[in-house]
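One structure is given here, and the rest of the page talks about it.
Proteins get letters first, then strands, A, B, ... in listed order; numbering begins at 1 in each. Keep in mind it's a predicted model, so treat the numbers as computed, not measured.
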Amino acid sequence: MRIGYPCINNLLDCKSDITFRLKSYSEKRLKETVKNNLSCLLRILEFNLKHNILFFRITSDLVPFASHSICQFNWQKKFKKEFANIGNFIKKHRIRISMHPDQFILLNSLSERIYENSLRELTYHVDVLDLMELDLSSKIQLHVGGIYGDKEKSMKRFITRFKRINTKIKKRLVIENDEKLYSIEDCLNLNREISIPLLFDTFHHECNNTGESMGKLFNELRKTWHKADGQLMVDYSSQYPGGKKGKHIDTINIEHFQNFLEETKSFDFDIMLEIKDKEKSAIKAIKAASDDTRLIIPSK
DNA sequence: TCACGTCAAGCAGAT
DNA sequence: ATCTGCTTGACGTGA
């Protein structure tokens, strides 16, 4: 079991997700930004290692406009060494990596244009992981997508579109239950048609479920991850007290977290904390799980 | 230095 | 009709 957080570290004085306006695009600006973002990404990973944080989601803003037609620059070639260097660090310390493309990425869109744009954006995500030479346990997580007035048809469209996409993307993709439209049961139904690993979001499940207990589900979910996919990934969060249903808490509720660990104690998986204060909660969570025999501690 | 209008991209639900 | 949330503010102009 690894514990991690997504994209942003607030304690360091650098960011790996600096971007700029489309209007300000220039090759020079892109090069400067990517150079900064990559060097900061490595600093974040080093920080994480020091704090036993072995799971990290890389920001989709690492290379701004990478999938936009304005970007004709071969950033893959230019930064090949830097990517490989970060990849070596990740592999050396057995860090787990995920990515989560934005809400605009919709495989089941009714529009061919949106689907094509989505494929370009997914290719960019795959490029990042491939340039780091990471194995297929580094995943790209997506939701099923929209309903478009007919859920059954929209799920079918996801399946036909998924079957059509190239292997490079397919092998990296996992789908995640969302808090409103597609529950983990829906995802399991999809999995019966296409072999795709299912990433379980505990908080989305709290918001959108048909009564299954979390613990019971893990047995089925685990089976959707084959050996090359690595172990099950889980997104964890809890409700912001007094906030709207679905609003993420701003710092980890240790009691809730420990209950979750207890409830799932017979399973092993990696946990991504989708909590506002990022690395602070990850550090707290690792401390709270210090007696848990599943927790991986980096070798010094 | 700071205020504030706006930012590549989509969808659904609330207001 | 418009706003908000999503994983979430922050870029950048103008004063």
To the nearest angstrom, the CD-C1' distance between A:Glu274 and C:dG5 comes to 13 Å
Taking side chain as C-beta onward, heavy atoms only, is A:Lys153 less than 4.5 Å from A:Tyr148?
no
For residues A:Asn191 and A:Glu220, is any side-chain donor paired with an opposing acceptor at under 3.5 Å?
no
Are A:Lys50 and A:Glu46 within salt-bridge range, i.e. N to O under 4.0 Å?
no
Pick base, sugar-phosphate or nothing for A:Pro64, based on heavy-atom distances below 4.0 Å to the nucleic acid.
nothing
Are any of the side-chain heavy atoms of A:Lys245 and A:Glu179 separated by less than 4.5 Å?
no
Send over the distance from A:Asp201 CG to C:dC6 P, rounded to a whole Å.
12 Å
C:dG12, B:dG13, B:dA8: which one has an atom nearest the side-chain heavy atoms of A:Lys180?
B:dG13
Between A:Ile8 and A:Asp17, which residue's closest nucleotide on DNA chain C lies nearer the 5′ terminus?
A:Ile8
Distance check needed: B:dT6 P versus A:Arg21 CZ, whole Å only.
11 Å
Which residues within residues 33-41 of chain A lie with some heavy atom under 4.0 Å of an atom in DNA chain B?
none
Separation of C:dC11 C1' from A:Ile18 CD1 (nearest whole Å)
11 Å
Should the pair A:Phe65 and A:Phe20 be assigned to parallel (<30°), tilted (30 to 60°) or perpendicular (>60°) ring geometry?
tilted
Would you call A:Lys139 and A:Asp270 a salt bridge, taking side-chain N to carboxylate O under 4.0 Å as the test?
no
Close aromatic pair by centroid cut-off 6.0 Å: A:His256 and A:Phe260:
no
Distance test, side-chain N/O of A:Ser60 to OP1/OP2 of C:dT7, below 4.0 Å
no
Does A:Thr19 reach a base, just sugar-phosphate, or nothing at all? Heavy atoms under 4.0 Å.
sugar-phosphate
For A:Gly246, report the nucleic acid contact type (base, sugar-phosphate, nothing); a contact means any heavy atom under 4.0 Å.
sugar-phosphate
Short side-chain N/O contact from A:His68 to OP1 or OP2 of B:dC7, under 4.0 Å:
no
Could you list by number each residue of residues 102-121 of chain A showing a heavy-atom separation from DNA chain B of less than 4.0 Å, or answer none if no residue does?
A:Asp102, A:Gln103, A:Phe104, A:Leu106, A:Ser109, A:Arg113, A:Ile114, A:Glu121
Taking the same atom, C1', in B:dT1 and in C:dT7, what whole-Å distance lies between them?
31 Å
Between P on B:dA12 and CG on A:Asn208, what's the gap in Å once rounded to a whole number?
14 Å
Determine the interatomic distance between P on C:dG12 and the same-named atom on B:dA8; round to the nearest Å.
9 Å
Tell me the interatomic distance from A:Asp61, atom CG, to B:dA9, atom C1', rounded to whole angstroms.
12 Å
Should A:Arg29 be listed as having a side-chain N or O under 4.0 Å from OP1 or OP2 of C:dG12?
yes
Classify A:Thr59 by what it touches in the nucleic acid, base, sugar-phosphate, or nothing, heavy-atom distance under 4.0 Å.
nothing
Identify whether any heavy atom of A:Phe65 sits under 4.0 Å from a base atom; if not, whether one sits that close to sugar-phosphate; answer base, sugar-phosphate or nothing.
base
Under a 3.5 Å cut-off on both pairing distances, which runs of 3 or more consecutive Watson-Crick or G-U pairs involve DNA chain C?
B:1-7 with C:9-15, B:10-15 with C:1-6
Given the side-chain rings of A:Phe203 and A:His248, with only the six-membered ring counted for Trp, is the space between their centroids under 6.0 Å?
yes
Would you say C:dC11 has OP1 or OP2 under 4.0 Å from some side-chain N or O of A:Lys15?
yes
Let me know the distance between CE of A:Met272 and C1' of C:dT7, rounded to the nearest Å.
10 Å
Nearest-nucleotide 5' precedence on DNA chain C, A:Pro6 against A:Phe20
A:Pro6
C1' gap between B:dA3 and C:dG5, integer Å:
25 Å
How close or far is atom P of B:dA9 from atom CD1 of A:Ile70, stated in whole angstroms?
13 Å
Expressed in whole Å, how much space separates the C1' atoms belonging to B:dC7 and C:dT8?
13 Å
Is a side-chain donor-acceptor pair under 3.5 Å present for A:Glu121 with A:Ser67?
yes
Think A:His143 has a side-chain N or O under 4.0 angstrom from the OP1 or OP2 of B:dC11?
no
